[in-house]
Amino acid sequence: MTISRAADEAGVGVETIRFYERKGLIEQPLRPSGGGYREYDRETVERIRFIQQAQDLGFTLREIAELLALRTDRQADCADVRDQAIAKREEVECKIARLEEIRAALDAVIATCPGGGSLNSCTIMEALSSQRAKATAPIEPPD
């Protein structure tokens, strides 16, 4: 099938396929010696779907390349894949915790906002300025 047909069947754009080829996640078929279009096979379409599903679960392209390598490694075990999934879940849990901290900080500054008036008296702008100052201030060594 042509690249456009493979893209349609995989549910991606042609540029996505080209991107995956450049990243080494899928192989670019050889151009026919007599000219014409490269032919993509069903296995490539399935590989693209795999990549998409893994990305939907938050795996990076590097991690996906590792998962794809495991698929072809005769020594690989399901435990190897499970370990990667567990590591990804732990990473997601850390991101969620950080987002919850951000939400709490936003809730705190929103709660102090009078909701109107001059920007000079805006508590949110003041909090952002003071947070920036705290973040850029040098850390004092302990006594």
Cation-pi geometry met for Arg31 and Tyr37 (6.0 Å, 45°):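 Cation-pi check for Arg31 and Tyr37: fails.
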State the [atom1]-[atom2] distance between [X] and [Y], to the nearest 0.5 angstrom.
X      : Y      : atom1 : atom2 : value
Ile48  : Ile26  : CD1   : CD1   : 4.0 Å
Leu99  : Cys94  : CG    : SG    : 11.5 Å
Met1   : Asp41  : CE    : CG    : 7.0 Å
Leu67  : Ile51  : CG    : CD1   : 10.5 Å
Met125 : Asn120 : CE    : CG    : 9.5 Å
Arg22  : Glu15  : CZ    : CD    : 6.5 Å

So, do [X] and [Y] sit near enough that their side-chain heavy atoms are less than 4.5 Å apart?
X     : Y     : value
Phe50 : Glu46 : no
Ile3  : Tyr40 : yes
Ile86 : Arg89 : yes

Flag if over 12 foreign heavy atoms under 6.0 Å of CD, Glu43: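 No, not enclosed.
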Within 6.0 Å of CD in Glu27, more than 12 heavy atoms from elsewhere: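 Count not over threshold, so no.
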Are the side chain of [X] and the backbone N or O of [Y] linked by a donor-acceptor pair below 3.5 Å?
X     : Y     : result
Arg47 : Leu25 : yes
Arg38 : Pro29 : yes
Lys88 : Leu57 : no
Asp83 : Asp80 : no

[X] side chain to [Y] side chain, donor-acceptor N/O pair below 3.5 angstrom:
X      : Y      : answer
Gln28  : Tyr20  : no
Glu126 : Thr123 : no
Glu66  : Gln84  : yes

Which atom pair, heavy atoms only, marks the closest approach of [X] to [Y]?
X     : Y     : value
Ala54 : Ile64 : CB-CG1, 3.6 Å
Glu39 : Thr2  : OE1-N, 4.4 Å
Glu63 : Glu91 : OE2-OE1, 4.0 Å
Gly36 : Pro32 : O-CD, 4.0 Å
Leu70 : Ala76 : O-CB, 3.5 Å
Gly13 : Ala7  : C-CB, 3.8 Å

Same apolar cluster: Val92 and Val81, side chain cutoff 4.5 Å: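 Shared cluster, no.
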